[in-house]
There are 4 protein chains.
Amino acid sequence: MRTVNAERHAEKRAEILEAAGRCFLRNGFHRASISAICAEAGISPGHLYHYFDSKEAIITALVEDRLDNAARRYQLLINVDDIVPTLLAELERYLREEHSSGFTLKKMMLSDILGEASRNPAIAALFTSFCNKRYRYAADLLRKGQASGQIDPSLDPDATAELLISTADAAETWSIRNPDHEFDKNFAVFRTMLERLLTPPARHAAG
Amino acid sequence: MRTVNAERHAEKRAEILEAAGRCFLRNGFHRASISAICAEAGISPGHLYHYFDSKEAIITALVEDRLDNAARRYQLLINVDDIVPTLLAELERYLREEHSSGFTLKKMMLSDILGEASRNPAIAALFTSFCNKRYRYAADLLRKGQASGQIDPSLDPDATAELLISTADAAETWSIRNPDHEFDKNFAVFRTMLERLLTPPARHAAG
Amino acid sequence: MRTVNAERHAEKRAEILEAAGRCFLRNGFHRASISAICAEAGISPGHLYHYFDSKEAIITALVEDRLDNAARRYQLLINVDDIVPTLLAELERYLREEHSSGFTLKKMMLSDILGEASRNPAIAALFTSFCNKRYRYAADLLRKGQASGQIDPSLDPDATAELLISTADAAETWSIRNPDHEFDKNFAVFRTMLERLLTPPARHAAG
Amino acid sequence: MRTVNAERHAEKRAEILEAAGRCFLRNGFHRASISAICAEAGISPGHLYHYFDSKEAIITALVEDRLDNAARRYQLLINVDDIVPTLLAELERYLREEHSSGFTLKKMMLSDILGEASRNPAIAALFTSFCNKRYRYAADLLRKGQASGQIDPSLDPDATAELLISTADAAETWSIRNPDHEFDKNFAVFRTMLERLLTPPARHAAG
DNA sequence: CATGAATGAGCCTTCATTCAT
DNA sequence: TATGAATGAAGGCTCATTCAT
C-alpha cells in the first residue's frame, strides 16, 4: 500500500519534472510559469505543490536530475585498453546524438544552467559538483593512459581534464553559434586536436 | 544644437545601457526589472522609454553593444608575422584579464546570451553574426598562416576557426565550473593543445 | 455498537476541536488553515470533513464549546451566604489562573470571539447568548444579595450585572495592554472598586 | 513642486488608509483582501504598492493612525478643577458617541486590535504603547486629584489607572454583548462605580 | 527632457473543499 | 473509518508599460 503510493508519488513527480523541463527548454527558467508547467503536466496549479515546495525547488530538482544523468554516462568506460580512440569514439557518439536531435533538453540546459549558476548558489553547487565528478573521472582516465604509455606523460592530468571537459561542452554550442555548421568537419578537427594533444610526443613524431 | 542633443542622447543611452548591464549581471535578463534599471541609472521609469521602446529593446541593444565591442578586439591583430605565438599571447592576455576580474560583465553575458539565443531570435541573430565575424577573422588568419607555412596546411581553416573560437569561449567558464581552478596550469595545457594542433607536423616533429 | 461508535465519534470530534483551538490560538481564526488543524489533530484533510461540514462549522463549534464551558462555571455558586466575598474570591481565583497561565486558550478566544462577533452572525448569537446567561446569573445573584441586605438595593441588578461581567472580562486583557502589569496591585483596586460599588451605603459608611 | 507632490502623496495615502479601514471593519484584518481595499479606494492593485510596502504595512499604519488619534483625545483635559465630574462627563460623552454611531470604526478596531496584538508583535507594540500613554495620563490625573483631596489617597494611582482604562474600554463592548442593552442604565451604574471608587472615604461617608 | 502616478495582467503560492480508493 | 490526490478560485504582490503634467 505504502510502497504503491510512494511509487506513484515518485512517478508523478518525475512526470512533472519532465513537463517542467519542456517548459524551461521553451522559455528558460524564469519565463516559464508555474501555470504553464501545470498545463504541460496536466495538473492543477495547487496540486503541483504536493510534489514541490516552490518553483525554485523544481528548478533545483530538474537540474540535479539532468546533471546526475549526464554524470552517470561517464562511469561506463572506466576499463578500456585503447584510451584515446575509445574516448574520441565516445565523444563523437555523444556529440553527434546531441547535434542530430536539434535543441535537446540537455543542450539547452547546459547554457541555462551555466547562466543560472552565476547567480543561484544551489545551482552553482550542483554544477560545480557535476563538473568535479567529470573532472575526476577524466583525470583518472588520463593518469591510467599515462601509466600505460598511451598518453603524453608531461601533461598535468587535472588541468588537462578540465580543459577536455570544457572543450567538449563547448562543442554542444556549435549549432547555436552557426546554424549551418558542418558537424563532421568540425569534429574532424576536434579529433585531430585531441589526438595531437594527448598522444605521447614519441608516438606522435613516429606517427 | 541638434548634434549636441543627439550626442547627449547617445551618452544617456549608453549610460542606461551600462546600468542595465549591471542589473542583468546581478539578476539575469528576465529577473532584472525595469524599475531596478531605472534606479541604477538614476532616471524615472517613464523617461527610460524615451531611449528604449521596451525591455526587449534594452536587452537587444546591450547584447549588440557587448558583442560589437568584443568583435572589435579581433580586428586588431590582422597583420602579424608570428601568427601562432601572437594569437596565444593575445588569448592569454584576454582570458587572464577575464579571470582576474571575477564575474565580469562580459563573462556573465556569454552564458546568458547563449541561453537567450536558444529562444530569442533577435539575440540568436546577433550571436550568430558575432560568431561569424570572429569565425571569418580567425579563418582568414589561419589561411594566412597556412600560406606562410606557419600553420598546418591540412587543417580546414573554417572548421578550425569554429573550433578555436568555441574552445576559447569555453575557457571563460572554467571558474564557474571549478571555483578553485588554477588558471595558469589550465592555460598551459590550453597553449600546448593549440600549438600542437596548429603547428605544421614537420616543425612539430622537429621541435 | 452504535453507542460505542457515537462515543468514539464524539471523542474524535472533541480532539479535533482541541487541535483547532491550538491552531486558532497561534494564528487566529482566519489564518489557521484546515491542513494545519489536520496536522495538529493527526488526521487527513478528507477525514476532517466527516466530523465538520466546513471550517466555519469548526469555528462555531469551538466557540460554542468554549463559551458553554465558561458559562458552566457560573452555575456553581448559586447558593452562598456571603455573596460579595464569595464572588470576589471566585473572580480572583479565575483571573489569577488566567493570568498565571500566559496566553491561555480562553483568554485569546475572548478577544478573537469579540472581533468575530462583529461580523459573523452565528458567533454573535453564541456570544450574546453566552453573555445573557452570565448576565442573568449575575443579576439573580445581585437580587438575592439585595434581598438579604448584602448588596446596595439602589443598584439596578440588570445593568449592574452587565457592568460587572464586562469589567471582569476586561481584566483578562490587562497583560496584553501592559506586559509588565502587576496583577496583585491591579486586582486590589479591582476588589476595592467592586466592594464599594456593591456594599450597601449604610454598611459602607459604617465599615 | 515637491511639496505639492508630497502633499498629494500623503493625501492619497490617507485615502487608501480610510478605505482599508472600511474594509477591515467589514471583514477583519485577514479576510479583507488587497483587491477589495483597492476597489474601495478606487485604485488599481498595483498602484497600492506605491503607498504601502505590504498588507502588513497597511494594517500597522492604520492601527497606528487610529491609536494615535484616540490617544490625542486624552491630552485635552489636563487642567481641570473638578477632576471626577469632568472625567465622568468626558467618558460619558465619548461612550455615548461610540454607542450612538453603531459599529464605529474605532469600536471594531479595538476588538480586532486586541486579537491581532496577541499574535502580531508590531501591533502588540503599538497597542501597549497606546495603553501606556493613556495609563500615564490617567495616573497623572489621579495623582493630581489625590494632591487636591478630590480622590481617595489610598488608591495606587498606577493600578487604578490601568483598571479605569480597561474598564472604560470594556464599556465599548456592551452593545456586542447585548444588542438590546440600555446605555443610560448601564452608564448610571458605571458612574456610581467610579464615583464610589475614586471619592475619598471621608467625603463619601459624608455624602 | 523628465517625472512618477497609474494600470492591469500575470506571477507564485495557499487554501477550503471534494472524491476515488 | 480513513487517506491523500486533486481542484481551482483567490490571495498578496511585481512588473512592463503608459500618460498627464
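Heavy atoms only: backbone and side chains are in, while hydrogens, waters and symmetry mates are out. Within every chain, numbering begins at 1; the chains are lettered A, B, ... in the order of the sequence lines, protein sequences first and strands thereafter.
Among the nucleotides E:dA6, F:dG11, F:dT17, the one closest to the side chain of D:His50 is E:dA6. Side chain of C:His47, nearest nucleotide from F:dT1, E:dA2, E:dG4: F:dT1.
As a whole-Å value, the separation of A:Arg31 CZ from F:dT14 P is 19 Å. Between the C1' atom of F:dA5 and the NZ atom of A:Lys12 lies a distance of 9 Å, rounded to the nearest Å.
Between atom CG of residue C:Leu62 and atom CG of residue C:Leu67 there is a gap of 9.5 Å, rounded to the nearest 0.5 Å.
Distances shorter than 4.0 Å separate some side-chain N or O of C:Ser44 from OP1 or OP2 on F:dT3.
No engagement by A:Leu48 is indicated, since no non-hydrogen atom pair under 4.0 Å with the nucleic acid exists.
In this structure, B:Phe52 has no ring-ring contact (aromatic ring centres under 6.0 Å, His included) partners at least two apart in sequence or on a different chain.
Nearer the 5' end of DNA chain E, as judged by each residue's closest nucleotide, is the contact made by B:Pro45, out of B:Pro45 and A:Ser33.
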- [ ] Let me see the working for D:Arg66 and D:Asp112 under salt bridge (Lys or Arg N to Asp or Glu O under 4.0 Å), right down to the final yes or no.
- [x] CA-CA 12 Å; D:Arg66 290 277 189 278; D:Asp112 279 359; over 6 Å; no
Intra- and inter-strand pairing of DNA chain F, written as dot-bracket with Watson-Crick and G-U pairs under 3.5 Å and | for the latter, reads .||||||||||||||||||||
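Contact annotation: the side chain of C:His30 approaches that of C:Glu116 to within less than 4.5 Å [non-hydrogen atoms, C-beta and beyond].
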